[in-house]
Amino acid sequence: MKKTNPTTTRFKRLMLTACTVALLGGSLTACFPLALGGVAGGVMVATDRRTSGAQLEDEGIELRAMSRLRDAIGSRARVSVTSYNRQVLLTGEVLNEQDKKLVEQVVSRVENVNGVVNELAIIDSPSLVQRSSDVLITGQVKALLIDTKDLYAGAFKVVTERGTVYLMGRVTQREAERATEVARGGRGVQKVVRIFEVISDEELKRLMPQQAAKPTAATGTPSSGG
């Protein structure tokens, strides 16, 4: 079995920590209540399980949704829009049920959106402490996925709101179960919600042969299809 290089592991952790701090700083000083979920995803284009067309469409969906929501609800809500393979996750807070429905209606009408998962809470905006905690939980879960040798961390998108971790991605059933198990082990994680597009082992081998060769947790050998 391939041994982990301690230097490589430390470097990964250092880079992830730096990114987390940068994100945290941005979240504390942002002026707009609407947030894009996939802005930092460009570096993953080469290894993403989505087609290049789907990746571009997801970025376009997030940008258009943000623009239309700003026009529709202004600053009276804090909404994060995360699109993965044309499936949109809405997280954040609105003041009432009417605004919650309005946000979903606006986003569902954006071009190329195939579905909307509305996880908006009807509460006042969370405290600065809660928002900071969510950013740190997201960084921690990503670090745990990186350290899990039978998973390909780049296949997952992680979003955290009020201690609830949302996992998105095109993954096999085994990967879905394993990632859920890993995420639940994160400090401060209250609940894990899966918004996966489950694909077969054969489809994964066709899309990403090198990722299909990841060892399984139980055997330490490459996973077999079927």
Side-chain angles (χ1 to χ4, degrees), residues 23-24 26-41 50-51 53-138 141 156-171 176 179-180 183-184 186 188-198:
L23 286 171
L24 179 57
S27 70
L28 302 185
T29 59
C31 297
F32 297 103
L34 305 178
L36 291 174
V39 173
R50 294 170 293 176
T51 64
Q55 293 175 59
L56 289 174
E57 284 185 353
D58 284 332
E59 292 180 6
I61 285 169
E62 291 175 349
L63 289 169
R64 287 192 294 272
M66 184 179 71
S67 176
R68 295 182 191 183
L69 286 174
R70 186 180 289 113
D71 292 340
I73 63 175
S75 60
R76 69 175 185 265
R78 188 186 72 86
V79 181
S80 293
V81 179
T82 307
S83 182
Y84 190 94
N85 213 33
R86 308 176 185 90
Q87 179 86 345
V88 176
L89 169 66
L90 299 175
T91 54
E93 298 79 30
V94 292
L95 295 177
N96 50 57
E97 184 66 32
Q98 182 179 355
D99 278 351
K100 181 176 181 178
K101 291 179 179 178
L102 175 60
V103 170
E104 181 172 345
Q105 289 172 355
V106 170
V107 175
S108 66
R109 292 169 183 161
V110 173
E111 295 84 347
N112 300 317
V113 170
N114 284 345
V116 176
V117 178
N118 191 344
E119 291 290 317
L120 291 169
I122 304 175
I123 57 174
D124 291 333
S125 293
S127 67
L128 190 62
V129 172
Q130 179 64 67
R131 291 171 62 186
S132 302
S133 175
D134 287 340
V135 172
L136 293 174
I137 288 172
T138 295
V141 170
F156 300 92
K157 181 172 285 190
V158 183
V159 177
T160 307
E161 283 284 352
R162 298 176 303 281
T164 296
V165 173
Y166 298 89
L167 298 176
M168 305 178 77
R170 301 185 73 195
V171 299
T180 302
R184 283 174 177 160
V189 175
Q190 302 298 315
K191 183 172 68 171
V192 177
V193 176
R194 306 191 301 189
I195 309 175
F196 288 136
E197 177 185 342
V198 177

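Below, each value reflects all heavy atoms present in this structure, side chains not excepted, and no hydrogens, waters or symmetry copies. Everything numeric here is computed off the predicted structure, so don't read it as measured data.
Interatomic distance, NZ of Lys191 versus CZ of Arg184, reported as 11.0 Å (0.5 Å rounding). In this structure, the separation between OG1 on Thr164 and CD on Gln190 is 7.0 Å, given to the nearest 0.5 Å. Atom CD1 of residue Ile61 and atom CD of residue Gln87 lie 10.0 Å apart, to the nearest 0.5 angstrom. Atom CD of Glu57 sits about 11.0 Å away from atom CD of Gln55, to the nearest 0.5 Å. Note that CG of Asn85 is 13.5 Å distant from CZ of Phe196, once rounded to the nearest 0.5 Å.
Ala179 and Phe156 get closest at one heavy-atom pair: CB-CE2, 3.4 Å. Across all their heavy atoms, Leu95 and Ile123 have their closest contact at CD2-O, 4.4 Å. A pairwise comparison of heavy atoms in Thr180 and Ala176 identifies OG1-O, 2.7 Å as the closest pair. Counting all heavy atoms, side chain and backbone alike, Asp99 lies closest to Asn96 at N-OD1, 2.7 Å. Nearest heavy-atom pair, Gly163 versus Asp134, reported as atom, atom and distance to 0.1 Å: N-OD1, 3.0 Å. Scanning both residues, Gly188 and Ile137, for their nearest heavy atoms gives O-CD1, 3.5 Å.
Between Leu89 and the options Val193, Asn118, Val81, Val117, a side-chain contact (heavy atoms from CB on, under 4.5 Å) holds for only Val117. No option in Asn114, Asp58, Asn112 other than Asp58 meets the side chain to side chain donor-acceptor pair (under 3.5 Å) test with Ser83. Among the candidates Thr91, Leu120, Val107, the single residue satisfying the side-chain contact (heavy atoms from CB on, under 4.5 Å) test with Val79 is Leu120.
With respect to the salt-bridge test (charged N to carboxylate O, under 4.0 angstrom), the residues Glu93 and Arg162 qualify. A salt bridge links Arg78 to Glu161: one of the charged nitrogens lies within less than 4.0 Å of a carboxylate oxygen. Ion pairing of Arg68 with Glu111 is present here, as a side-chain N (NZ or NE/NH1/NH2) and a carboxylate O approach within less than 4.0 Å.
In this structure, Val88 and Thr82 have side chains that are not in contact, with every pair of non-hydrogen atoms separated by 4.5 Å or more. Between Lys100 and Glu104, the closest side-chain pair of non-hydrogen atoms is not below 4.5 Å.
Around the CD atom of Glu97, the shell of radius 6.0 Å holds more than 12 heavy atoms that belong to other residues, nucleotides or ligands.
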Query - Test side chain to side chain contact (heavy atoms under 4.5 Å, CB included) applied to Val103 and Val106, step by step - result: CA-CA 5 Å; Val103 170; Val106 170; 5.9 Å; no

Query - Derivation and outcome, side chain to side chain contact (heavy atoms under 4.5 Å, CB included), residues Val141 and Thr160 - result: CA-CA 10 Å; Val141 170; Thr160 307; 5.7 Å; no

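The backbone N or O of Arg64 sits nowhere less than 3.5 Å from a side-chain atom of Ser67 that would complete a donor-acceptor pair.
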